[in-house]
Amino acid sequence: MPQGQPRWRVKLFLSFPVVLVLGAAAALAFFVAQWSATQSDAYSRAQEVHFVRAQFERRIASITENQQTVTSWTEAQKMIAGARDPKWFDRNLGIWLYQTYEFDHVFLLDEADKPIYVMIGGERADPAAHAEVWPDAVPVIAELRRLRRGSLHIGPALRYLRRLALIDSRPAVISVSPILDSEGNPSGEAGYEPVHVAIRRLDDRFLAEMGRDFLLSTPRFSSSDAVSEGEAAFPINRSNSDLGYMIWRVQRPGAETLKKLWPTLAIAGILITLLGVYLVTLIARAADRVIDTRERLDQLARHDALTGLANRFAFEAALAARSAETGHNKPRFALLYLDLDRFKEVNDLFGHPAGDELLRAVARRLEREVGTSDVVARLGGDEFGILVPKVGSEVHLDSLCRRIVAAMATPFDISGQRVDVGVSIGLALSDGTLEGAESIVRRADKALYRQKRAGRNGYSWGAAVLGEEIGETAPTEPSIASPDAIRALVA
């Protein structure tokens, strides 16, 4: 046991990894159970949807298959061409289909699409009273005839045409088949033979059959695919979802199993939650410490500890990045080098603490004068730098320099004493090309040196303005304060 450490703290430190491993194992067991149930339900759902869709489409196809048992029949072809006995039609083409296969409507039409025989709801109807077939069936009949009369000679092989439609706002199957002999031959030219129209509504009877035969819970049709939890849906027609959807409640074996395990999982969840709160608290505290430390290191690495401005490293990085971006399509940028006038006298007269206080005050004034995108840095001692990343015109820079000179000319209150200093500024403006950072730094530095020689307390350009090269012996802008009018350092 480490020296000076309480026994309970050492035990807690040693037992914590064990608690963590047990908690992780419990969490893993919980999530595996949940994942297994979800995956089981998803697989069961996918399989059930695939199965029900296949059986639904098989039921739809069986309507036509059942119809084909009486439409490819030589005797039916002869009866239509001959006696047209209604009772025979009842027993073979109409009422019998209702009784056996639950067809809701049957229309037997001649070559001109006039009704020969009509069956509605298991009873024969007067063909004269039904001069027209259901409007939804008309285009199906016309399409079948057109395809059988097709010029590519593939039409006569077509034995039926089946479509899904909405009849009285409910889905229904419309199956149209030509009357052929037992060999599949028409009585005349293909496309002009009598046709048999069978309509089966997909109503509650149909849904009840599906539910009974395939153990479906609460099957229903809906115009929307919106389902509640535990339900599945698929479009009645794969190519046209406007006809609605079949919806039912799927089996969820995974959820049922998980429901039985819920008491055990609830206890495990409480334990996991307690452990999680503990871990989160520890992690949050550790993260705060790490973030605070990182921010402090970043502050120290990129900012001046005395003034809070950017330091030389951050300033040079910003200048290099902005210099690399310069091109014909980029706005020009400017570099200002600043050196305080008479700062040494302040240090000598009042001491270094006062000098530090003065530097902080200078930094605050500089920040007030520059734009929000400008970079202000303390480069060392009483030297400062300003990077103006976007310069609209030389007038903007002149105004900035004048404001800074005027701001520095205003006396400072340092430790209850009035202190007067000034500032010398060397100014360089990029030439609009991909100019290296070293070049503009040299021009700004030379401009600062010229200003110092010319009398200080002002600014000097270190680049060509309006196409004329600035000389090396005098500043382009006269000093704001003449060297002969230097005010007293302490008033």
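No more than 12 heavy atoms of other residues, nucleotides or ligands lie within 6.0 Å of CD in Gln251, so this atom counts as exposed by the packing criterion. Atom CD of Glu123 has 12 or fewer heavy atoms from other residues, nucleotides or ligands within 6.0 Å. Open room surrounds NE2 on His50; 12 or fewer heavy atoms of other groups in view lie less than 6.0 Å from it.
Taken to the nearest 0.5 Å, the CD1 atom of Ile386 stands 7.5 Å off from the CG atom of Asp374. Atoms CG and CE, on Leu215 and Met210 in that order, are 11.5 Å from each other to the nearest 0.5 Å. Once rounded to the nearest 0.5 Å, the distance linking OG of Ser241 with CG of Asp225 reads 8.0 Å. Distance check, rounded to the nearest 0.5 Å: CD1 of Ile247 to CG of Leu216 gives 13.0 Å. To the nearest 0.5 Å, atom CE of residue Met79 and atom CG of residue Leu108 are 11.5 Å apart. Rounded to the nearest 0.5 angstrom, Ser72 OG and Leu180 CG are separated by 5.0 Å.
With sequence neighbours left out, the side-chain hydrogen bond (donor to acceptor under 3.5 Å, both in side chains) criterion links Arg45 to no other residue. Applying the side-chain contact (heavy atoms from CB on, under 4.5 Å) test to Arg249 and every residue at least two apart in sequence or in another chain returns Ser217, Thr218, Ser228, Glu231. Remark: Ser223 engages no residue in a side-chain contact (heavy atoms from CB on, under 4.5 Å) (not counting sequence neighbours). Considering only residues two or more places apart in sequence or on other chains, Gln99 meets the side-chain hydrogen bond (donor to acceptor under 3.5 Å, both in side chains) condition with none of them. Looking at residues two or more places apart in sequence or on another chain, you find a side-chain contact (heavy atoms from CB on, under 4.5 Å) between Ser36 and Val32. Residues that satisfy the side-chain contact (heavy atoms from CB on, under 4.5 Å) test with Glu229, not counting sequence neighbours, are Arg252.
Two residues are said to be in side-chain contact when any heavy atoms from C-beta on lie closer than 4.5 Å; Arg378 and Arg312 fail this criterion. Taking the side chain as every heavy atom from C-beta outward, Trp35 and Gln39 approach each other to under 4.5 Å. Within the 4.5 Å cutoff, the side chain of Phe315 has heavy atoms near those of the Leu387 side chain. The side-chain heavy atoms of Phe333 and Leu319, taken from C-beta on, include a pair separated by under 4.5 Å. When side chains are defined from C-beta on, Ile116 does not count as touching Leu109, because their heavy atoms never get closer than 4.5 Å. At least one side-chain heavy atom of Ser177 sits under 4.5 Å from a side-chain heavy atom of Gln68. Looking only at side-chain heavy atoms (C-beta outward), Met119 and His105 stay at 4.5 Å or farther from each other. Contact annotation: the side chain of Asn237 never approaches that of Pro235 to less than 4.5 Å [non-hydrogen atoms, C-beta and beyond].
The closest donor-acceptor contact from the side chain of Asn185 to the backbone of Asp181 lies at 3.5 Å or more, if one exists at all. Checking side-chain atoms of Thr100 against main-chain N and O of Leu97 turns up no donor-acceptor pair under 3.5 Å. A donor-acceptor pair is defined here as one N or O able to donate and one able to accept, closer than 3.5 Å; no such pair exists between the side chain of Arg146 and the backbone of Ala142. A donor-acceptor pair under 3.5 Å is formed between the side chain of Thr257 and the backbone N or O of Pro253. Formation of a donor-acceptor pair under 3.5 Å by the Thr74 side chain with backbone atoms of Ser182 is found in this model. Judged by distance alone, with hydrogens and angles left aside, the side-chain atoms of Ser44 form no donor-acceptor pair with the main-chain N or O of Ser40 at under 3.5 Å. Side chain of Asp41 to backbone of Gly254: a donor-acceptor contact under 3.5 angstrom is found.
Within the structure, salt bridge (Lys or Arg N to Asp or Glu O under 4.0 Å) contacts touching residues 85-94 (residues at least two apart or in different chains) are Asp90-Arg124. Every pair passing ring pair (Phe, Tyr, Trp, His ring centres under 6.0 Å) that includes a residue from residues 204-247 is listed here, sequence neighbours excluded: Phe51-Phe214, Phe56-Phe206, Phe56-Phe234, Phe234-Trp248. Pairs passing the ring pair (Phe, Tyr, Trp, His ring centres under 6.0 Å) check and including a residue from residues 63-87, sequence neighbours excluded, read Trp73-Trp88. Sorted by first and then second residue, the pairs that involve residues 161-176 and meet salt bridge (Lys or Arg N to Asp or Glu O under 4.0 Å), not counting sequence neighbours, are Glu143-Arg163, Asp168-Arg201, Arg170-Asp204. For residues 70-81, no residue pair satisfies the salt bridge (Lys or Arg N to Asp or Glu O under 4.0 Å) rule, not counting sequence neighbours.
Ring geometry for Tyr101 versus Phe103: interplanar angle of 30 to 60°, hence tilted.
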Run the side chain to side chain contact (heavy atoms under 4.5 Å, CB included) test on Phe89 and Ile95 for me, step by step, so that the C-alpha distance in whole Å, both residues' side-chain angles and the decisive distance to 0.1 Å come before the verdict. CA-CA 8 Å; Phe89 290 152; Ile95 296 176; over 6 Å; no

Kindly determine whether Tyr337 and Leu379 satisfy side chain to side chain contact (heavy atoms under 4.5 Å, CB included), including the steps that lead there. CA-CA 9 Å; Tyr337 271 179; Leu379 305 180; 3.7 Å; yes

Leu427/Leu335 under side chain to side chain contact (heavy atoms under 4.5 Å, CB included): CA gap, chis, key distance, verdict: CA-CA 6 Å; Leu427 169 65; Leu335 175 64; over 6 Å; no

Applying side chain to side chain contact (heavy atoms under 4.5 Å, CB included) to Asn311 and Leu309, what does each step give before you reach the verdict? CA-CA 6 Å; Asn311 60 16; Leu309 299 176; over 6 Å; no

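Under a 4.0 Å N-O distance rule, the pair Arg205/Asp104 qualifies as a salt bridge. The pair Arg364-Glu367 counts as a salt bridge, with a side-chain nitrogen and a carboxylate oxygen less than 4.0 angstrom apart. Taking 4.0 Å as the cut-off between side-chain N and carboxylate O, Arg365 and Glu369 do not count as a salt-bridged pair.
Using modelled atom types, one finds a donor on one side chain and an acceptor on the other under 3.5 Å when comparing Thr307 with Asp304. Side-chain contact check for Ser399 and Arg403: at least one donor-acceptor pair (N or O, by modelled atom type) lies under 3.5 Å.
Pairing each heavy atom of Ala310 with each of Ala314, the nearest pair is CB-CB, 4.1 Å. The two residues Pro171 and Leu166 make their nearest non-hydrogen contact at N-CD2, 3.7 Å. Across all their heavy atoms, Asp110 and Ala112 have their closest contact at OD1-N, 2.9 Å.
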Side-chain donor-acceptor contacts of residues 188-198 below 3.5 Å, not counting sequence neighbours, with atom names and distances?
unit_1	atom_1	unit_2	atom_2	d
Glu193	OE1	Arg148	NE	3.3
Glu193	OE1	Arg148	NH2	3.0
Glu193	OE1	Gly191	N	3.4
Glu193	OE2	Gly191	N	2.9
His196	ND1	Gln67	NE2	2.9
His196	NE2	Leu93	O	3.1

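When each of Ile63, Leu161, Ile199, Val138 is tested with Ile174 by the rule side chain to side chain contact (heavy atoms under 4.5 Å, CB included), just one qualifies, namely Ile199.
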